[in-house]
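To start, the structure itself, in structure tokens.
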Amino acid sequence: MKKYSYHLLLVVAFCFLHTRSVTAINAQKICELKHKIGSEKFPSNFSFGVSTAAYQIEGAWNEDGKGLSIWDTFTHDHPEMIDDRSNGDIGPDSYHRFEQDLAALKELKVNFYRFSISWPRILPNGDISSKNQKGIDYYNMVINKLISNGIEPMVTMIHYDLPQALSDLGGFTNEIFIKYFRYYADTLYENFGDRVKVWVTFNEPFDYCVPGYGSCNFPPMVRASGVADYMCMETTLKAHAAAYRLYKAKYFETQGGKVGITISSRFLYSKTNDNDAVDRGMQYSLGWLAHPIFSLSGNYPYIMIEDIVSNSQKEGRAWPRLSALKSWWLNAIKGSGDFLGLNYYSSRYVEEALPPKGVVPSWDHDAHLKYDIDSKWRRAKSTWLYCVPEGLEDLLKWIRDNYNNVEVIITENGWSDEGTLDDSERIDYLKAHLQAVLNAVNSGCNVSRYTHWSLIDNFEWQRGYTEKFGLYYVNLTSENKERIPKRSAIYYKRVIETKTVIDN
Ligand SMILES: *[C@@H]1O[C@H](CO)[C@@H](O)[C@H](O)[C@H]1NC(C)=O
Ligand SMILES: *[C@@H]1O[C@H](CO)[C@@H](O)[C@H](O)[C@H]1NC(C)=O
Ligand SMILES: *[C@@H]1O[C@H](CO)[C@@H](O)[C@H](O)[C@H]1NC(C)=O
């Protein structure tokens, strides 16, 4: 009798706790996009993939003839700049374990895989005179195995990991970079272009130019804000256009692929209906590169040219820190993108900051804006990442309206946490953002692909291994570095199979 009532109590207690935890999970949805526009299903020509980058997953930093990249030297020389003093020397070790990544890709049933090529792995000095066949063999193996498993390769030419040898020449502040990049791109088209049909030249230029050459907290750690960061963006634009024009002239006829660039952007909202502040913010971020390439008129956004020419004059300079592109480059850059690659993670509120804040000169000071969040937005492990799915829908509509409905490939979107396998937050984020993309598609936005960041947990730059974005957990302490599917992997697989934003 005594024993019986004890059991009953346990059962009652269990049911109570169980009901409570289920309600708690439902109530804790980090964000939702409730409004739906049109069809529930993605068009049949819409495709789904996942994304990674060489330095974040490959390891093998000094094997088989690979040269150094600025991320090798940065992490080795400045471990204090990485939260857990870690680096990508070994990491998930995809250089030796591509089979494990492939197994995950096959399990997900992705249509394509976006990965990046390590420039110093195939051209150790950055120059074609230093061609490393073993590096080329590695990427041939990756590309061939993807294709034989029905997965399309999408290649980013450089994802932050500039060859150290080119950084020694001034990196993106030396215009000779344009020539090196053009020859590197030529090497890629020549070796892989028979099988790779979607090329991304650069990944997130703002994010390596402004912190890398302006505020000095990203390699190559140059502190010349408002000057070298603007030079870096201009060199990037020109090098991108050079690689694009080379493809059109020399390879398009036989290879028939597409070349674009990946730009990261938030959407900006105003609490006070200040459309000028929103436009200023969008032009200074997405517009900085997208306007010269994708607008009908080309060139930098007018507001940037006007501000920076005027500020440079006030500073007593002999020439402006940024000026309108001259007609040869203007025309080479204008239209030099078959698609706009978009990395979207989060949004902000914006208003004008007057008088301007920030050091003189700097991008911050030129843009004179301040940013805010909504207290209702839920934050990820990353301090900058709030879940704002409507921002993605509104950003895609903004691109549709400002850039002649250019084809958009969402090249990254994702959520960070501690790395738990039961990642219901990532599922909420994914579901809400897929609904945002579907709403945009149903509103006539020319979006053709969605790519989730990332396939596997990996080296998250200055955050080291403290923030995890993977659909697959990687056991970094085990000898085999197993890739283990999180709940979000199972969810995404069902989305891909049905092309529908399914409820979970
Ligand atoms: C979408 O982009 C593709 C590829 O650039 C283009 O051919 C097509 O016309 C665009 N669609 C619309 C509706 O603008
Ligand atoms: C997908 O198909 C639709 C309908 O046929 C078409 O309007 C759209 O341009 C296509 N998108 C791409 C990227 O090919
Ligand atoms: C990771 O691998 C280690 C060593 O094999 C093992 O002890 C540990 O349980 C694994 N962790 C997970 C979460 O699988």
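Every number for a ligand or one of its atoms is a count from 1 in the order of the listing.
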Inset, instruction - Run through ligand 2 for me and note each protein residue having a heavy atom under 4.0 Å from it, chain first, then residue number. - result: Asn45, Ser448
Inset, instruction - Enumerate the atoms of ligand 3 whose separation from the nearest heavy atom of Tyr473 is less than 4.0 angstrom. - result: 13 (C)
Inset, instruction - Check side chain to side chain contact (heavy atoms under 4.5 Å, CB included) between Arg400 and all other residues, then give those that pass, not counting sequence neighbours. - result: Lys397, Asn405, Ser443, Cys445
Legend entry - Lys493 bridged to Glu107 by N-O distance under 4.0 Å: no
Inset, instruction - Could you tell me whether Glu58 and Lys66 have a side-chain N and a carboxylate O separated by less than 4.0 Å? - result: no
Inset, instruction - Before accepting this row, confirm whether a basic side-chain N of the pair Lys468/Asp423 lies closer than 4.0 Å to the acidic partner's carboxylate O. - result: no
Legend entry - Counterpart residues, side chain to side chain contact (heavy atoms under 4.5 Å, CB included), relative to Ile147 (two or more places apart): Ile143, Pro153, Arg195
Inset, instruction - Flag the pair Glu63 and Lys134 as a salt bridge only when some basic side-chain nitrogen lies within less than 4.0 angstrom of an acidic carboxylate oxygen. - result: no
Legend entry - Geometric N/O contact Asn475 with ligand 3, under 3.5 angstrom: yes
Legend entry - With sequence neighbours excluded, residues passing ring pair (Phe, Tyr, Trp, His ring centres under 6.0 Å) with Trp119: Phe177, Phe181, Tyr184
